[in-house]
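This report refers to the structure that appears directly beneath it.
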Amino acid sequence: MIDVINLKKSYGQLDVLKDITTEIKQGEKIAIIGPSGSGKSTFLRCLNCMEDPTSGSIIFDGHDIADMRVNINIHRRRMGMVFQHFNLFNNKTVIDNIMLAPVNIGLHDLRMKKLHNMWLRFRNVFSANKKPLHPINTSKARIKAEAKEHAMRLLQRIGLADKAHGYPSTLSGGQKQRIAIVRALAMNPKVLLFDEPTSALDPEMVGEVLDLIKQLADEGMTMVIVTHEMGFAREVATRVLFMNEGNIVEDDTPDRIFTSPQHPRTKEFLSKVL
Amino acid sequence: MGNFDKKLEKFWEIFIEHGGYAKVLTGLQNTLIIAIVGLALGILIGTLIAIIRVTPQYRRLPKILNALSVFYVGLFRGTPIVVQLLLAYYVFLPLIGVNLPALQVCVIVFGLNSAAYVSEIMRSGILSVDPGQMEAGRALGLSYRVTMLKIVVPQAVKNILPTLGNEFISLIKETSVVSFVGAADLYVAFNYIGSNSYEFMVPYLVMAVIYIVLIALAAMLIKLMERSLRRSDRRH
């Protein structure tokens, strides 16, 4: 689903990612592990172009999204991202956090369709070659109602429906992260990118977040997770990438990586963290 | 101060019997119009400039807009507002052949002037918002513009409201120079009373009190707004 080809990223003189080529297939759950500074997060952030790659291609659904001419916003709708520090919108209630993107993007598309229809109507008057209008089978109110309903369903799923109208400042870290996850889900993404989703949580809240991620994994969601939770990586991932100094040093099943790592750097890292 | 009663009497006479109060009311109205509409204009233009200034400058257009904004801020912060008023009213508008009432010119000049200050206030406000907020919006597929306007700017405004209130207060006080181009503000009204009674002490004192009351009211208003904007911070 995502093809990464010769991805390089450098900040000035510093090469953070050195020529990475890999493929993420539908349904895979990929855990990226490695020492800090190895480029894990940068790699993940390049996948949805939060960091623009210096060179190389990222083919998502047949489009090279690393190309600056591509409208990245359209492709990001299908790639959810969950951050280490949750990044819930502080000025919005929980339900508005979840609804914001679906409503805005729905309304934007509706506006664009209407605008284009206006143009088509105008042009059809003068042109012999009549073009059909876009069918418009929704309305502002309906987009909002549907987004709200979807958001409530998602909140019920994580058992936080009663917090719908509270602000993020009233929530615990674990609750915030679970809401951040369903906020990403509200766009019906094809892939979820997790950037150390449990690193900023109190130990007792890690479980609830990992449980939710596990549920999503079991439902077949494609996901890429940068994590320090080795047990979780081993249990949930279908593939583990070990990164070191901007390269993918080892790319294998969790069993093989955790029981018989090949590369000396992997061995050294795992002996420290396990 | 022995003849203070007499002075008060004189003031009262002009104030009530010679239509002084009507002039004061018009003056008060004009002062408020210039300050409020000026600030609204300033916030609008200032926010726009602030957004231009914080937008990443990879491409040519943002670079040009940014350079223009820097020039604009430099221009309007670099000259006193009196000079701007005089130049606008007596030089610039006649030059382009536009004839506007003094009050409208004042509103525009005060708006443009406060935009320069508001833009800097707003810029610091925007920079104070956690960059993660912008990232989260962008990661959901929202455009830079939408994320800026729906997420970042509202939080920035909350952070800078006290400073913005300060700007409003100085704007109210700065309106006292609009008589330079012939707009009738509070100063003009009390000067009228003073020169008609040959007695300036009481009128100027009353003028000072009116300014103090105005600004106390403004400060109260700002406090109320701050409190309502703090809603999302409260735990409940």
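Numbers restart at 1 for each chain; the letters A, B, ... are given by sequence-line order, proteins then strands. Since the model is a prediction, treat every value here as computed from it, not as a measurement.
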* Kindly indicate whether the side chain of B:Leu140, heavy atoms from C-beta on, has any atom under 4.5 Å from the side chain of A:Phe89. => yes
* Tell me, yes or no, whether the heavy-atom count around B:Phe180 atom CZ, taken from other residues, nucleotides or ligands under 6.0 Å, exceeds 12. => no
* Asked: If you count the non-hydrogen atoms of other residues, nucleotides and ligands that lie under 6.0 Å from CE in A:Met205, is the total more than 12?
  -> yes
* Any idea which of A:Asn73, A:Thr93, A:Ile74, A:Val82 has the most non-hydrogen atom pairs under 4.5 angstrom with chain B? -> A:Asn73
* Greater than 12 external heavy atoms within 6.0 Å of B:Phe168's CZ -> yes
* To do: Working to the nearest 0.5 Å, report the span between NZ of B:Lys150 and CG of A:Asn104.
  => 4.5 Å
* When you measure from the side chain of A:Asn87 to the backbone N and O of B:Gly132, does any donor-acceptor pair fall under 3.5 Å? -> yes
* Would you find more than 12 non-hydrogen atoms of other residues, nucleotides or ligands less than 6.0 Å from A:His108 atom NE2? -> no
* Heavy-atom check, side chain of B:Leu142 versus side chain of A:Ile105, under 4.5 Å -> yes
* Asked: Nearest 0.5 Å, what's the OG-CD1 distance between B:Ser143 and A:Ile72?
  -> 13.0 Å
* **Shortest non-hydrogen contact from A:Asn91 toward B:Ile151** => ND2-O, 3.7 Å
* Should the heavy atoms of other residues, nucleotides or ligands under 6.0 Å from CD of A:Glu204 be counted, would the total exceed 12? -> no
* To do: May I ask you to test the A:Met81-B:Glu135 pair for a side-chain heavy-atom distance under 4.5 Å?
  => no
* Are B:Arg138 and A:Asn48 linked by a side-chain donor-acceptor pair shorter than 3.5 Å? -> no
* State whether the side chain of B:Gln133 and the backbone N or O of A:Leu88 hold a donor-acceptor pair below 3.5 Å, judged by distance alone. => yes
* Count the heavy atoms of every other residue, nucleotide or ligand shown that sit under 6.0 Å from OH of A:Tyr11, and state whether that count exceeds 12. => yes
* Structure fact -> Cut-off 4.5 Å, heavy atoms of chain B, and the answer for A:Arg183 is both
